[in-house]
Amino acid sequence: MDNKLLRLQDLVDNPTPRVPICLCLDTSGSMLRVVRGETHATGQEIVRDGETWQVVTGGITALDDLNQAIRQFYQELNADENAKYAAEICIVTFGGDKPQLIIDFANLERQGEVSILQADGETPMGEAVNLALDCLEQRKKEYRAKGVDYFQPWLVLMTDGANNGAPAEFERAVSRTTELVNSQKLTLFPLAIASEDEQSEQAALDTLKRFSPKRTPLKVGSAKFSQFFQWLSQSVARTSVSIPGEKVQLDLEGIKGWAEL
């Protein structure tokens with residue numbers, strides 16, 4: 001209840017039109033794979049995200065890259081005089097048995113330090129997307145109740161594999177997302193995380209296509225996460241100085257710096 005009152009007070013204290021962004025991020029066990037750096041084998045094996053992995057020490061994981069990129073994202077938003085008052089971030093992760101709401105919508109100052117994401121388990125993507133959409137809908141209701149304008153919400157959906165959560169939840173998430181995108185009530189950024197496993201990579205692309213009727217999913221390597229989030233922060237800054245309802249041209253040329261088509 002205290003958190004809800006603070007969220008509502010944010011809207012009274014700062015009536016700036018909002019750019020609500022939900023990051024829906026894959027934190028399944030496969031995100032712990034080492035992507036670069038020197039490693040040492042331990043001789044142990046574990047099963048994560050439906051696959052058997054060799055346990056090593058050292059090196060940088062895909063999750064390390066993601067945590068660093070998100071910290072940078074917040075820093076860049078806070079450094080922009082317009083974006084830091086307009087942007088509101090929500091982070092939903094999917095790994096383990098169920099999705100987690102890591103950070104709910106609030107102004108950036110109130111959110112403070114970004115929690116370090118942890119990875120484990122399976123990929124309940126459908127459940128996570130439904131939670132993300134619920135959070136977006138709740139925040140939109142609060143905007144309307146307090147008379148605060150807002151831009152079309154953004155949903156960033158990142159995964160390195162296929163859904164292995166409940167099929168019914170996945171289909172419901174696909175239906176909700178495509179309906180919102182088609183009715184121009186949601187902007188979706190679908191990103192497949194590149195990996196050495198071509199089968200998993202293709203599964204991620206195929207899965208994301210189900211959610212995205214208008215935008216072809218892009219592929220991004222973990223080493224380029226920071227470049228993507230830099231592009232995203234610049235896009236937020238550009239949007240924050242426009243007028244809600246006005247069409248904003250994003251930097252499509254900038255995509256070429258981090259995405260593989």
Side-chain angles (χ1 to χ4, degrees), residues 20-33 35 46-51 53 61-71 73 89-105 114-139 153-178 180-181 186-195 197 199-212 217-222 225 228-229 232:
I21 306 149
C22 185
L23 308 179
C24 193
L25 309 173
D26 189 337
T27 56
S28 58
S30 57
M31 289 295 288
L32 292 173
R33 67 186 180 279
V35 291
I46 56 173
V47 177
R48 289 285 190 276
D49 204 15
E51 299 182 54
W53 300 84
T61 68
L63 187 70
D64 291 334
D65 281 338
L66 184 58
N67 276 311
Q68 176 59 34
I70 291 173
R71 285 193 293 270
F73 180 50
I89 313 298
C90 169
I91 300 179
V92 172
T93 62
F94 49 105
D97 297 330
K98 60 182 181 180
Q100 299 288 330
L101 176 58
I102 303 298
I103 296 178
D104 205 349
F105 286 110
V114 183
S115 301
I116 296 176
L117 304 182
Q118 305 292 326
D120 191 27
E122 303 296 320
T123 313
M125 194 185 310
E127 290 88 338
V129 172
N130 281 320
L131 176 57
L133 295 178
D134 289 344
C135 291
L136 283 167
E137 287 301 317
Q138 178 59 37
R139 195 53 170 160
W154 296 2
L155 175 62
V156 176
L157 179 56
M158 298 179 67
T159 185
D160 67 352
N163 167 70
N164 50 28
E169 280 293 294
F170 178 78
E171 294 301 330
R172 186 167 76 92
V174 167
S175 177
R176 293 177 68 189
T177 304
T178 54
L180 288 167
V181 170
L186 179 71
T187 297
L188 177 68
F189 298 98
L191 299 174
I193 300 170
S195 72
D197 185 338
Q199 186 174 355
S200 294
E201 192 175 280
Q202 189 58 50
L205 287 166
D206 292 342
T207 301
L208 291 169
K209 287 177 184 176
R210 294 286 313 280
F211 288 96
S212 188
L218 298 174
K219 185 169 64 173
V220 58
S222 67
F225 285 166
F228 162 68
F229 279 103
L232 191 67

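The side-chain heavy atoms of W154 and C22, taken from C-beta on, include no pair separated by under 4.5 Å. Put simply, the side chain of I193 does not reach to within 4.5 Å of the side chain of T159, judged on heavy atoms. Between L188 and T177, some side-chain heavy-atom pair lies under the 4.5 Å cut-off. Here the side chains of L191 and L157 are not in contact, with every heavy-atom distance at 4.5 Å or above. The closest side-chain heavy-atom distance from V181 to S212 is not below 4.5 Å. Considering only heavy atoms from C-beta on, L25 comes within 4.5 Å of I91 through its side chain. Under the 4.5 Å side-chain criterion, counting only non-hydrogen atoms from C-beta, Q118 is in contact with I116.
Here R139 does not pair with D134 in a salt bridge; the nearest charged N to carboxylate O distance is not below 4.0 Å. Salt-bridge formation is not detected for the pair R33/D197: no Lys NZ or Arg NE/NH1/NH2 atom is positioned less than 4.0 Å from an Asp or Glu carboxylate oxygen.
A donor-acceptor pair is defined here as one N or O able to donate and one able to accept, closer than 3.5 Å; no such pair exists between the side chain of D26 and the backbone of M31. Not one N or O on the side chain of E127 forms a donor-acceptor pair closer than 3.5 Å with the backbone of G165. Under the 3.5 Å distance criterion, the side-chain polar atoms of N67 are matched with a main-chain donor or acceptor of L117.
With values rounded to the nearest 0.5 angstrom, L136 atom CG is found 6.5 Å from C90 atom SG. Expressed to the nearest 0.5 Å, how far CE of M125 lies from CD of E169 amounts to 13.5 Å.
By the side-chain contact (heavy atoms from CB on, under 4.5 Å) test, E201 pairs with A194, S195, K219, sequence neighbours left out. Residues passing the ring pair (Phe, Tyr, Trp, His ring centres under 6.0 Å) test with F229, sequence neighbours excluded: F73. For L205, the side-chain contact (heavy atoms from CB on, under 4.5 Å) partners at least two apart in sequence or on another chain are A192, Q202, P217.
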### Stepwise side chain to side chain contact (heavy atoms under 4.5 Å, CB included) test for T207 and V174
CA-CA 10 Å; T207 301; V174 167; over 6 Å; no
### Query
Run the side chain to side chain contact (heavy atoms under 4.5 Å, CB included) check on L133 and L186 step by step: do they pass?
CA-CA 10 Å; L133 295 178; L186 179 71; 4.1 Å; yes
### Message
Using ring-ring contact (aromatic ring centres under 6.0 Å, His included), reason through F211 and F170 one step at a time and then give a plain yes or no.
### Response
CA-CA 10 Å; F211 288 96; F170 178 78; 5.4 Å; yes
### Query
Taking it one step at a time, do E122 and D97 satisfy side chain to side chain contact (heavy atoms under 4.5 Å, CB included)?
CA-CA 7 Å; E122 303 296 320; D97 297 330; 5.8 Å; no
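Here the closest non-hydrogen pair linking I102 and S115 is CG2-CB, 4.2 Å. Between P99 and A128, the shortest heavy-atom contact is CB-CA, 3.6 Å. Listed here is the closest heavy atom pair of E137 and L180: OE2-CD2, 4.2 Å. The minimum heavy-atom distance between G126 and A173, with the atom names listed, is O-CB, 3.5 Å. Minimum heavy-atom separation, F94 to M158: CZ-O, 3.4 Å. Residues D160 and A204 come closest through the heavy atom pair C-CB, 3.8 Å.
Between L23 and the choices L232, L155, T93, the side-chain contact (heavy atoms from CB on, under 4.5 Å) rule is met once, by L232.
Of the N and O atoms on the side chains of N163 and T123, not one donor lies less than 3.5 Å from an acceptor on the other residue.
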